[in-house]
Amino acid sequence: MEERIQTLMQEVSAYTATDKAGVENFRLAYVSKKGAVSELFEGMKQLPPEEKKKVGKLLNDLKQAAEAKLAVLNEQLESHTAATFDLDLTLPPVPNTTGNAHPLTLVRNRIIEIFERLGFNVADGPEIESDWYNFSALNFPENHPAREMQDTFFVEKNPDVLLRTHTSNVQIRLLEKQKPPVRAIMPGRVYRNEAISARAHCFFHQVEGLYVNRNVGFADLKQTLYHFAKEMFHKDIQIRFRPSFFPFTEPSAEIDISCLICNGKGCNVCKHSGWVEIAGAGMVHPNVLRNCGVDPEEFTGFAFGMGIERITMLKYRVNDLRLYSENDLRFLRQFQSVI
Ligand code: PHE
């Protein structure tokens, strides 16, 4: 019996098959219930007990070898079939067809990441707004030009329902609900009735920031925005604050960074000034705090607002705003490797 097992062992290891039938023959001959191995197991019952142990082990080895061989034969058959029918290993790989985040999403996420590490929460507000939240509560005088038709889209000719022209409406909504300290950033889409060109669009995106607490000063605003610009662009970037005006902040400033295209030497992008504007900012006007039920004697705060399109333009040297909303895959795919 031992000899028979050995012979079978050799047969099993030497067996080759080139087609399905060959593999099936192997299975029938060695692995199936009616095959040679099962037959030997049957025969083992008649052996005297002292031999049973030894032969049993050999037989088990044979059984395992036959099963392993069957698996190998099946595998070979499969790869052989694939190779002969539809697999050409010399072809370049199938291109990666997964999508990627839109550049504005990438930059928005990066802005959120930078401010979250400074302790800012993300807040949200409606895009269809009332005059109160978009203008009046923000200390816009009744006759301010920004309320006029050329800037604002009104919903169904109702002067009280409009598409928000900035994300500052969320400042008001947040301060109404939450007692200071409030430290939040508010990304979102805004709308302005402007002719579409390379530098202007009727909708775009902003990120508003607000920090209200006891003893918040202009130095806090400056350091926060310095930190942001260095994180967003690079650590050697130059930053300057220019005096400006917004109804809802006093004092107000516009923030410029040294032009990334020409490194401050002067070019078309910075109109040969060496500087480009990235944000508006200032200390929250006491009237705004009062409108939200916050006592300006006890609390002060700063606010800032920046355009995501502008930051993206500077960071990735995009020279036409319209590219962001045209869905041209040749443009969008360039951001595939950016995380
Ligand atoms: N809301 C302003 C704008 O849209 C930006 C801004 C926000 C300025 C907060 C100061 C403070 O231009």
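Order of listing sets the numbers, starting from 1, for every ligand and every atom in it. FYI, side chains are in, hydrogens and waters are out, and symmetry mates aren't considered; it's all heavy atoms of this structure.
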**Q** By number and element, which atoms of ligand 1 are closer than 4.0 Å to a non-hydrogen atom of His166?
**A**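 So the answer, numbered in order with elements, is 1 (N), 4 (O).
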**Q** Kindly confirm or rule out a cation-pi arrangement of Arg173 over Tyr133, judged by NZ or CZ under 6.0 Å from the six-membered ring centre and within 45° of its axis?
**A**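 Yes, Arg173 sits over the ring of Tyr133.
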**Q** Would you check whether Thr249 has a nitrogen or oxygen atom less than 3.5 angstrom from a nitrogen or oxygen atom of ligand 1?
**A**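 N/O-N/O distance under 3.5 Å: no.
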**Q** Pull out every atom of ligand 1 sitting under 4.0 Å from any heavy atom of Phe304, numbered as shown with elements.
**A**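 Numbered from 1, ligand 1 contributes 7 (C), 9 (C), 11 (C).
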**Q** Should the ring pair His205 and Phe203 be called parallel, tilted or perpendicular, given that the plane angle runs from 0 to 90° and is split at 30 and 60?
**A**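 Judged by the thresholds at 30° and 60°, the geometry between His205 and Phe203 is perpendicular.
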**Q** I'd like to check which ligand 1 atoms, numbered from 1 as shown, lie under 4.0 Å from a non-hydrogen atom of Ala303.
**A**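 What qualifies from ligand 1 is 9 (C), 11 (C).
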**Q** Without hydrogens or angle criteria, can the side chains of Glu254 and Ser244 be said to hold a donor-acceptor pair below 3.5 Å?
**A**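 Indeed, the side chains of Glu254 and Ser244 share at least one donor-acceptor pair under 3.5 Å.
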**Q** Atoms of ligand 1 less than 4.0 Å from Ala281 heavy atoms?
**A**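 Per the distance check, 8 (C), 10 (C), 11 (C).
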**Q** Between Glu2 and Lys54, is there a side-chain N and carboxylate O pair less than 4.0 Å apart?
**A**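 Looking at Lys54 together with Glu2, the answer is yes, because their closest N to O distance falls below 4.0 Å.
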**Q** Using distance alone, decide if ligand 1 has a nitrogen or oxygen within less than 3.5 Å of any nitrogen or oxygen in Ser168.
**A**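 Min N/O separation from ligand 1 is below 3.5 Å for Ser168.
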**Q** For atom 2 (C) of ligand 1, what's the nearest protein heavy atom and its distance?
**A**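 Closest protein heavy atom to atom 2 (C) of ligand 1: Phe248 CZ, 3.7 Å.
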**Q** Would you check the N or O atoms of Gln171, main chain and side chain alike, for any that come under 3.5 Å of an N or O of ligand 1?
**A**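 Between Gln171 and ligand 1 (N or O atoms, distance only) the closest approach is not under 3.5 Å.
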**Q** Write out the residue and atom name of the closest protein heavy atom to atom 5 (C) of ligand 1, then the distance separating them to 0.1 Å.
**A**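 For atom 5 (C) of ligand 1, the nearest protein heavy atom comes out as Gly305 CA, 4.1 Å.
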**Q** Which of these, Leu323, Leu321, Asn319, sits in a side chain to side chain contact (heavy atoms under 4.5 Å, CB included) with Met313?
**A**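 By the side chain to side chain contact (heavy atoms under 4.5 Å, CB included) criterion, Met313 pairs with just one of Leu323, Leu321, Asn319: Leu321.
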**Q** Please work out whether the ring planes of Phe248 and His166 are parallel, tilted or perpendicular, with thresholds of 30° and 60°.
**A**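 Perpendicular.
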**Q** Looking just at side-chain N and O atoms, do Gln334 and Tyr316 make a donor-acceptor pair shorter than 3.5 Å?
**A**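 Short answer, no.
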**Q** Quick one: which of Phe120, Phe304, Phe115 gives a ring pair (Phe, Tyr, Trp, His ring centres under 6.0 Å) with Phe228?
**A**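 The residue from Phe120, Phe304, Phe115 that satisfies ring pair (Phe, Tyr, Trp, His ring centres under 6.0 Å) with Phe228 turns out to be Phe115.
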**Q** Which ligand 1 atoms are under 4.0 Å away from a heavy-atom of Gln206?
**A**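 Near Gln206, the atoms of ligand 1 are 3 (C), 4 (O).
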**Q** Do any N/O atoms on Arg192 end up under 3.5 angstrom from N/O atoms on ligand 1?
**A**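 Yes, Arg192 has an N/O under 3.5 Å of an N/O on ligand 1.
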**Q** Looking at ligand 1, would Met306 count as a contact under a 4.0 Å heavy-atom criterion?
**A**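 Checking ligand 1 against Met306, which is what was asked, there is no heavy-atom contact under 4.0 Å.
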